Amino acid sequence: MKVALYVLATAGMLCAIGLLSPLPRDASGADAVPQPVSSSSPAASSTPASSIAKALSSDDVQPISANPGASNMIPGTGMLGHLIGLDNIPGVRVGGLWIGNADYLFTGGVKPRTWSFNSLLFLNLNIDLEKLAGIPGASMDAELMQFNGEDSNGKAGVITAYDGLTGPKPFVRTELYELWWRQSLFADELVIRVGKTTPPADFNNVTRAVPTSDISLKVPAVSGLIYTPIFKNPTLIGVSPGYYNTAYGITANFAPTRNFYLTYAVYDGALSRGIQTGLHEGPVFNGHYFTIGEAGYAWTLGEHNLIGIIAAGGWAQTGKLYGPGTSQNGSEGFYTFGSQRLWRRHEGVDNSGISAFFQFGINDSRTMIANEYFGTGFTGFGLIPHRPVDSIGTGLAWSWLNRRYGFRSNEAILQSYYQMHLIGTSFFEPVISYIPNPGESRRTQGAVAMTAQVTVLF
C-alpha cells in the first residue's frame, strides 16, 4: 500500500508537469546514444597527430559523471579506434576510459588511517551496422571491463558505498561487461536492445544530461559525485543488475514525442540469489527475473529556459528471496528522480550556472539491504574564473537499512567534490566524504574520507 501511494503521488506530479513548456529540442528517451564528452570527432581529422591535437582542445569538452562506464552505454570518445586505424572501416568505433582513485580514511569507520587504491578500465567496440552492412537502424556493441581494487567501503563500515568504484568481492576481476544488439525502428521512436547491458544507463540515471542541441541550455552530467547511490538507488541494490554486475535481458525504449519517453526491460535476475552475473559470459536464468519500467518527461521552465526532467519507475523481482532469518516470494519497489537548472550565469552564451537534483526510492523487501532512500544535491558548472569545464558539487545520500543484517537503522553520506579539467578528455577530482553513521554497526564511529580520482576518456 505504501508503494502504491508513492506511485499515485508521482503520477499526479508528472501530469502537473505536462502543463510546463516542452523542450525546444529533442528530449527523447534514455536509449539514445549518449552524447560524447567532446563533440570534436577524432575521425574528422586526417592524421593521428591532428586528431590528438584536436582532442587536447577544451572548446567542446563538458563535465562528466564520476563513472561514465556506469552511467553511459557507450563510454569514451572513440579516439582509440582512430589511433589504431580502425576508423577507416565504416561504422566501427573503438574507445574506452580509465579511472584510478585513492581513498584515505582519516578517522572513524573500521580501519581508520588506511589507504585504498582502485583502478578501472573499459574497452568498448561499437559497430554501426547500417554503415558497415547496410542494416537500417542496427548496431552491435561489446565491452570489456578490468577492475583492480580494494575494499574501500568496508574499511569505512559504509554499506551503501561512499566510493562507487568499488563493489562486492572479488576486487580483481575481468569481465565481459556488455554484449548487445540495438535495433532502432520508426525513425528512432522505438528502440529495442537485446543482450548483456548495464540497466542504470537506462533506468534511474539521475546523472544523465537532458538532451538538447542548444549548448546554452545544455546541462552536462548532472553530478560528479562518486558515491554509489548516484548511480544505483540503494533500494535497488541486490536485485537490479548494473556496475559491475551487468546481466542479459531485453530493453524497449519508446519516445513518442520530443520530451517524453517510456522504457521497459526484463533481465536475468540471478543477482538476487547472490550470483554475480557480471562474472558470467553467458546468461544464468535460474528462474529469477528482474523487470523494470520507467517514464520520464523533460521541459524548459520560465522565460530563462531552465531545463529540467523528472522520471518515475517501478520494478519487480521474481523468485524465492532469502535474508537473515527470513524469506519471501519476490519483491517490488518504486523510485523517482529529477533534475532542474536553477540559474544560468551567461544566458544564451554557455551552460555555466547551477543545477539541482533529487532521488527517492522505496521497496517492500525483507531481504534487501535498504528499504527507503532519499538523495539530493547541487552542481555548479563553469563557475571558477578561467576554468569553463570545471564543476563543483555536493550531495546527500540517506538510506534506511534492513536491521535484520545487524546494520544501523539508517546511513547518511555527505559528499563534496571539485571536478577539475586537466587536458583533452582527462579530469582530476578531489572528493571529501563524511559519514556520521556508518551502517555496518551502531558501534562504528563516524567516518571522514578523502578521495583523489583521475578519469581519462579515449
Side-chain angles (χ1 to χ4, degrees), residues 66-67 70 101-120 147-173 225-239 242-245 271 274 276 323-325 359 361 363 365-377 394-417 429-453:
N67 187 351
N101 74 22
D103 297 308
Y104 182 72
L105 184 60
F106 285 102
T107 185
V110 178
K111 296 182 178 180
R113 297 180 297 281
T114 57
W115 287 91
S116 301
F117 299 93
N118 304 290
S119 171
L120 174 67
F147 178 79
N148 299 76
E150 299 180 61
D151 190 9
S152 307
N153 301 296
K155 293 177 181 179
V158 180
I159 301 303
T160 55
Y162 78 90
D163 184 349
L165 216 60
T166 301
K169 296 178 181 179
F171 298 123
V172 177
R173 56 170 70 205
L225 292 164
I226 69 170
Y227 55 53
T228 287
I230 200 69
F231 302 107
K232 181 187 287 189
N233 193 304
T235 60
L236 285 160
I237 293 175
V239 292
Y243 170 82
Y244 36 39
N245 278 304
L271 182 65
Q276 295 204 48
Q359 302 169 282
N363 63 45
S365 175
R366 299 191 303 271
T367 62
M368 296 167 62
I369 66 169
N371 296 117
E372 295 181 33
Y373 169 74
F374 174 77
T376 187
T394 187
L396 164 69
W398 198 349
S399 302
W400 284 261
L401 304 176
N402 186 342
R403 301 193 67 179
R404 291 182 177 87
Y405 287 90
F407 299 153
R408 287 183 191 263
S409 61
N410 63 92
E411 177 179 84
I413 303 174
L414 295 162
Q415 195 169 88
S416 297
Y417 71 89
E429 184 172 346
V431 183
I432 187 73
S433 302
Y434 172 52
I435 307 93
N437 53 346
E440 182 182 90
S441 165
R442 287 181 295 177
R443 296 183 299 273
T444 306
Q445 294 183 352
V448 178
M450 179 74 182
T451 305
Q453 178 164 300

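Computed from a predicted structure; not experimentally measured.
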ask   = Between Asp163 and Thr451, does a side chain to side chain donor-acceptor pair (under 3.5 Å) hold up when you go through it step by step?
value = CA-CA 8 Å; Asp163 184 349; Thr451 305; 5.0 Å; no

Determine yes or no for a side-chain-to-main-chain donor-acceptor pair under 3.5 angstrom, with [X] supplying the side chain and [Y] the backbone.
X: Tyr162; Y: Ile435; value: no
X: Arg408; Y: Leu401; value: no
X: Lys155; Y: Trp115; value: yes
X: Asn437; Y: Asn410; value: yes
X: Tyr227; Y: Leu414; value: no
X: Glu411; Y: Thr160; value: yes
X: Glu429; Y: Tyr417; value: no

How long is the span from the [atom1] atom in [X] to the [atom2] atom in [Y], to the nearest 0.5 Å?
X: Asn371; Y: Ser409; atom1: CG; atom2: OG; answer: 11.5 Å
X: Ser399; Y: Ile159; atom1: OG; atom2: CD1; answer: 10.5 Å
X: Phe117; Y: Asn148; atom1: CZ; atom2: CG; answer: 14.0 Å
X: Thr107; Y: Arg113; atom1: OG1; atom2: CZ; answer: 7.0 Å
X: Asn233; Y: Asn363; atom1: CG; atom2: CG; answer: 9.0 Å

Do the non-hydrogen side-chain atoms of [X] and [Y] ever get within less than 4.5 Å of each other?
X: Asn153; Y: Thr228; answer: no
X: Asn402; Y: Met368; answer: no
X: Asn67; Y: Leu165; answer: yes
X: Thr367; Y: Ser365; answer: yes
X: Phe171; Y: Glu150; answer: no
X: Ile432; Y: Met450; answer: yes

inquiry  = Would you say the ring centers of Phe231 and Tyr243 fall short of 6.0 Å from each other?
reply    = no

request  = For Glu440, enumerate each residue passing the salt bridge (Lys or Arg N to Asp or Glu O under 4.0 Å) test, keeping only those at least two apart in sequence or located in another chain.
outcome  = none

query = Can you say whether the rings of Trp400 and Trp398 are parallel (under 30°), tilted (30 to 60°) or perpendicular (over 60°)?
reply = parallel

key: Modelled atom types, side-chain donor and acceptor of Gln359 and Tyr373, under 3.5 Å   = yes

